[in-house]
Structure formats: C-alpha cells, structure tokens
Colleague: 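Take this structure first; my questions come after.
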Number of protein chains: 2
Amino acid sequence: MSPDLAASESLSSAMARIAAEVESALEVLLPAPEGGEARLLAAMRYATLGGGKRLRAFLVMQSAGLFGVDPGCAARVAASVEMLHAYSLVHDDLPAMDDDDLRRGKPSTHKAFDEATAILAGDALQTRAFEVLAEPDTHSNPEARCELVAALAHAAGARGMCGGQMIDMLAEGRELTADEIARLQALKTGRLIQYSAEAGAILGRAPAHQRHLLAAYGRDLGAAFQIADDLLDAVGTTEETGKTAGKDAAAGKATLVSVLGVERARRQAAMLAEQAAGHVESFGESAALLRQLVAYVVSRRS
Amino acid sequence: MSPDLAASESLSSAMARIAAEVESALEVLLPAPEGGEARLLAAMRYATLGGGKRLRAFLVMQSAGLFGVDPGCAARVAASVEMLHAYSLVHDDLPAMDDDDLRRGKPSTHKAFDEATAILAGDALQTRAFEVLAEPDTHSNPEARCELVAALAHAAGARGMCGGQMIDMLAEGRELTADEIARLQALKTGRLIQYSAEAGAILGRAPAHQRHLLAAYGRDLGAAFQIADDLLDAVGTTEETGKTAGKDAAAGKATLVSVLGVERARRQAAMLAEQAAGHVESFGESAALLRQLVAYVVSRRS
C-alpha cells in the first residue's frame with residue numbers, strides 16, 4: 001500500500017468518526033419535536049441530521065485538537081457550524097432561490113415539508129447555531145464564546161455567506177471575470193470554511209499568529225475545494241459524482257473552470273492546496289490530518 | 001390638563017426621542033450598500049430603517065436606564081432587537097407565509113425588491129443582530145454579551161418567535177382554545193417583548209430578582225399589547241388604525257377577542273396591564289415611563 005493511500009484511509013476513518021460525534025451532538029442540541037411547533041422542530045432535524053461529509057465539523061474538531069480543547073466543547077462548536085450550514089442549504093434550495101428539489105439524494109426541506117416550514121426551519125437553525133455558541137457549556141471563558149459568535153456572524157452575514165449568495169443570484173447569465181468569481185466563492189462558501197478552521201484557535205485561546213495561520217489554511221482550502229467541486233461538475237460523470245454532470249454549464253453558471261479552462265483550474269487548485277498545507281506546516285505531526293484533508297479535497301472523485 | 005394626559009405626552013416625547021436614537025444607531029450598524037452585494041444591503045436597510053413605534057427599542061432603553069447603563073451600549077442592544085424584529089416581519093410577509101404586500105404603508109421587502117433578496121435580507125438581519133450583541137462595544141463584560149445572545153436566541157428561536165409563527169400558520173382555519181391562542185401569542189410576539197424588557201437588567205448586571213421582575217413586566221405587557229391589537233382589529237375603524245379593520249376575522253384567524261368576546265378581552269387586557277405595572281412598582285419613579293407605556297398600550301387607538 002502506498003503511503004498516500006494509507007494516509008487517505010486514516011483520514012477517512014477520522015472523518016467518519018467525527019461525523020458520528022457531531023451527529024450525536026446534533027441529536028442532543030436540536031430540540032425534540034414536541035408541542036404545537038413539532039412540525040418546525042421535525043423540519044430542523046430533517047435538514048440537519050444524517051447528512052454530508054461534515055467537512056466544517058471536521059475542521060473545527062481538528063483545529064481544536066491542535067490546542068488540546070475539550071472534545072465535548074469542540075463538538076458543540078462543530079454542531080453549531082453544521083446547523084448554520086444546514087440553514088444555508090435549506091434557504092438556497094427554496095423555489096425563490098436555486099429551486100432545488102433534491103439535497104443529498106433526499107427531497108429538499110421545502111419538498112419534504114412545505115415552503116413556509118422550510119423558511120422557518122432555516123431561520124430557527126441559524127438562531128440555534130448562535131445560541132449554542134453563547135451557552136456556558138461551550139467554553140468556560142465568555143470572551144471565547146463572544147469571539148465565536150462574532151466570527152460566525154462575520155462569516156455568515158451580508159458581507160459573507162449571504163452576500164455571496166446574493167452576488168451568485170445576480171450573476172446568473174452574466175459574464176464574470178476570474179477575480180469576480182473568486183470573490184463570490186470566497187464569500188459564499190469560503191468564509192464558513194475559514195471560520196471552521198479558525199474556531200479551534202478561538203476555543204484554544206491560541207496566540208493571534210496561530211489563529212491567522214489556521215484562517216489562511218481555511219481560506220485556501222475553501223478556494224481549492226470550490227475549484228475541485230467545479231471540476232467534478234465539468235469533467236466528472238454523473239455516475240461518479242451522484243449529481244447531474246455539467247449542471248453548472250447547463251445553468252449558465254460561471255465557474256473558474258469555465259473561465260480558466262480545465263487545465264489551468266486544475267493547476268490553480270493544486271497551488272491553493274499546496275499553500276493551504278504550508279500554512280499548517282508549523283503545527284507538525286498534530287496537523288497531519290489537516291494536510292491530508294487538503295490532498296483529499298483536490299483529488300476526490302465524488 | 002389632566003395628569004394622565006400630561007403623562008401620555010411625556011411618554012410620547014420619550015418614545016420619539018428613543019426612536020430617533022435607535023434610528024441613528026441602525027444607520028451606523030447596518031452596512032452601507034456597496035460592492036456586488038449592494039442590493040442585499042439596501043434591502044436590509046429598507047426593511048429596518050424609518051419604521052414603526054420602536055416599542056422593543058424603547059423597552060431596552062428604559063430598562064437599561066433603571067441601572068444606569070451607558071446609553072451608547074443600550075442603543076446597540078436596542079438596534080439589535082429592532083433588526084431581529086425587522087427580519088421576522090420580512091419573512092412573515094413572504095408569499096409562502098402571510099403573503100402581505102404592504103408593511104407600514106410601504107411595499108413589503110419582497111415587493112420592493114424580490115423574494116430571493118427578501119429571504120436573504122431577513123437572514124442577514126438576524127445574523128447582524130447577534131453579531132452586534134457579541135461585539136466588545138456592546139458591553140465591557142463578555143459574560144453580559146453572551147447572556148444577551150443566549151436570551152435573544154431563546155426568544156427568537158424554535159421554542160419562541162419562530163415556533164409561534166409555525167403554530168400560527170398551522171392554526172389557520174382551525175378552532176383554538178383561549179389557552180392555545182395565549183400560548184401562540186406569547187411565543188410569536190411576547191417572547192421578544194419580554195427579552196427587550198429584560199435586556200436592560202442583563203446589561204446592568206442586575207440581581208436575578210430584578211431581572212425576573214422586568215421579564216414578568218415584559219410578558220404581561222406583551223400579552224396586553226396583543227389583545228389591544230386584536231381589539232383594534234375587531235372594533236377599530238379602518239380610518240383610525242390605518243389598517244383594514246376586521247382583517248383577522250375575515251382571514252378566519254382565531255384571536256382572544258373572537259374567543260372571549262370584546263368585553264371579556266378588554267377586561268383581560270386591563271388586568272394584564274395592571275399586573276405589568278405592578279411588577280415594576282418597586283423601581284419607583286425611574287420606572288414611571290414603563291408604567292405609562294402599559295396604559296398607552298391598552299388605550300391606543302392606532
């Protein structure tokens with residue numbers, strides 16, 4: 001077995017373990033469907049539980065591990081960012097937005113429930129994400145909790161994820177430059193990935209330069225991740241990805257792949273990946289999985 | 001001039017002064033419409049600025065005044081709750097929810113912009129409300145900031161405002177008991193009013209029993225406010241209220257007025273108002289405006 005393959009196996013088992021841990025945390029942190037509002041609570045659970053690779057949760061847990069943060073505290077922060085991510089998917093899928101009927105192979109939330117319930121479930125998931133961060137169980141130091149709330153809000157708000165989604169909606173059918181696309185994607189998906197990598201440093205009360213290294217790692221990882229995603233859409237087959245191949249091109253969506261071409265986009269992703277790995281070099285062996293994650297992200301086939 | 005009339009004039013001038021203060025704070029705290037996301041930022045400002053009586057902001061400023069809180073800090077918290085309130089109105093007005101084309105006499109946000117922009121503007125207003133609370137300028141003590149975030153989230157989330165809106169949507173056309181209606185309204189509008197009254201005590205690091213008195217005041221005030229609103233809808237003329245009279249009855253909406261009748265509802269509101277005023281009796285003269293507000297709320301004609 002090549003060293004790379006062995007590494008990728010240990011990464012996949014770590015990702016599976018962390019996905020299970022965050023699932024348990026979410027089970028506890030999302031209210032049980034009871035009372036007149038049970039339908040709302042059921043929709044929140046439907047949108048959040050049992051889904052995805054939990055990339056953001058993985059970043060929180062791994063970055064927290066660098067500073068010896070209590071895993072229970074880190075799991076709350078990991079669950080919180082997955083709630084925030086789930087809210088964004090529920091709202092992005094709405095008919096007025098990207099109008100997607102499927103999410104992770106299941107009916108999207110407004111299809112499984114209805115539009116009003118999906119809007120409210122997204123709203124309440126965002127609320128719960130911030131509530132979990134602010135609660136004393138997340139960290140004994142209230143300064144750390146406030147910093148997490150402010151950093152997540154910065155990543156998610158009008159100058160972050162929501163702003164990116166707005167630009168994306170306005171861009172449909174328009175020609176964007178490579179720089180414009182890069183900014184759109186940095187806002188829409190990059191900021192939350194950056195926050196996730198930074199969160200461990202906030203939890204660990206790490207010195208500013210270490211927090212900045214993790215932020216830079218998350219920024220480059222997020223950008224590489226997005227190009228890899230666009231490459232998969234452009235060159236992956238429907239069979240490999242489980243999604244309709246060529247969907248972006250069919251929808252007239254500008255991506256870095258459509259603007260730069262496959263080869264240059266591939267080189268760009270490789271360069272970003274190398275940069276990302278470099279940012280966490282100084283953490284040594286304890287950041288090995290963060291470096292393997294970079295390689296996984298740019299080489300994955302689905 | 002009767003003492004009551006004099007009191008009501010000083011209340012109205014205090015309300016106007018505070019509305020102007022919170023407007024200035026909102027002007028500063030809402031980002032200027034710049035960059036590719038300018039449309040989103042413009043929608044956030046459209047939904048929030050220049051509107052309403054600012055009841056929630058008034059409660060924050062008055063309760064903070066009881067404890068000598070710096071008015072600049074209190075104004076940030078007041079602005080934050082108005083952003084949260086504005087977000088809830090934007091989403092409630094959406095076609096999939098209450099489908100209202102007008103709000104405060106202007107086109108609602110999805111009419112002035114479009115549905116996608118309105119969804120995103122509501123989302124980003126909620127985010128910004130929490131961000132403002134978590135930022136150091138809101139209070140030198142991070143514990144106070146975390147408590148504000150957690151209390152606002154509790155009031156706004158699935159077991160609060162969002163839950164109330166869910167129950168309200170499910171209740172349309174169904175018969176509810178007086179108790180069910182009271183719970184629905186306590187969640188949908190009461191919790192945020194209660195939070196607003198409590199916020200001053202959190203900012204002022206007040207002892208628990210004073211925080212509880214203000215919470216109880218806010219709870220009873222919110223309930224009285226809701227019945228008064230329903231009475232206005234049932235017996236006010238369109239001319240007096242500026243809204244279509246009898247809209248609730250026409251929509252088949254159960255209110256305490258429709259279940260209890262006008263006279264019993266009026267007595268219930270008066271009883272709640274008396275209770276609310278009683279909770280802040282122990283604060284003496286400094287709570288005079290809070291007591292006058294109660295009288296204003298149940299006697300207003302628009």
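First the proteins, then the strands, lettered A, B, ... as listed; each starts at 1. A quick note: this is a predicted structure, and the numbers were derived from the prediction, not measured.
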Colleague: When you check the gap from the basic side-chain N to the acidic O, do B:Arg45 and B:Glu27 get nearer than 4.0 Å?
Modeller: yes
Colleague: Less than 4.5 Å to any heavy atom of chain B: does that hold for the side chain of A:Leu170, its backbone, both, or neither?
Modeller: side chain
Colleague: Rounded at 0.5 Å granularity, tell me how far NE2 in A:His91 sits from CG in A:Asp98.
Modeller: 13.0 Å
Colleague: Below 4.5 Å from any heavy atom of chain B, which atoms of A:Met44 appear? Answer side chain, backbone, both or neither.
Modeller: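 The answer is the side chain of A:Met44.
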Colleague: Against chain A, work out which of B:Met169, B:Glu135, B:His154 has the most heavy-atom pairs shorter than 4.5 Å and name it.
Modeller: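 Among the listed options, the one with the most contacts to chain A is B:His154.
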Colleague: Write out, in numerical order, the residues from residues 119-128 of chain A with a heavy atom short of 4.5 Å from a heavy atom in chain B.
Modeller: A:Ile119, A:Leu120, A:Asp123, A:Ala124, A:Gln126, A:Thr127
Colleague: Within this structure, what is the CG-OG distance for the pair B:Asp230 and B:Ser258, rounded to the nearest 0.5 Å?
Modeller: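 The CG atom of B:Asp230 sits 8.0 Å away from the OG atom of B:Ser258.
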Colleague: Rounded at 0.5 Å granularity, tell me how far CG in B:Asp93 sits from CG in B:Asp99.
Modeller: 9.0 Å
Colleague: Could you tell me the separation between the CD1 atom of B:Ile181 and the CG atom of B:Asp168, rounded to the nearest 0.5 Å?
Modeller: 10.0 Å
Colleague: Given the options B:Gly36, B:Ala158, B:Gly157, B:Pro136, which has more heavy-atom pairs under 4.5 Å with chain A than any of the others?
Modeller: B:Ala158
Colleague: Do A:Glu147 and A:Glu198 pass the side-chain contact (heavy atoms from CB on, under 4.5 Å) test, and can you show the C-alpha distance, the side-chain angles, and the key distance before you say yes or no?
Modeller: CA-CA 11 Å; A:Glu147 281 179 30; A:Glu198 234 180 311; over 6 Å; no
Colleague: If you compare all heavy atoms of A:Leu176 against all heavy atoms of A:Glu180, which two are closest, and at what distance to 0.1 Å?
Modeller: CA-OE1, 3.3 Å
Colleague: Checking side chain to side chain donor-acceptor pair (under 3.5 Å) between B:Thr138 and each of B:Arg145, B:Glu131, B:Arg76, which is the one that passes?
Modeller: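 Only one of B:Arg145, B:Glu131, B:Arg76 forms a side chain to side chain donor-acceptor pair (under 3.5 Å) with B:Thr138, namely B:Arg76.
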Colleague: Quick one: CD1 on B:Ile167 to SG on B:Cys162, what's the gap to the nearest 0.5 Å?
Modeller: 11.5 Å
Colleague: Name the region of B:Leu94, side chain, backbone, both or neither, that has any atom closer than 4.5 Å to a heavy atom of chain A.
Modeller: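 Side chain only.
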Colleague: Name the option with the most non-hydrogen atom pairs under 4.5 Å to chain A; the candidates are B:His110, B:Arg39, B:Gln165, B:Arg159.
Modeller: B:Arg159
Colleague: Among A:Ala116, A:Gly163, A:Cys146, which residue forms the greatest number of heavy-atom pairs with chain B at distances under 4.5 Å?
Modeller: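 That would be A:Cys146.
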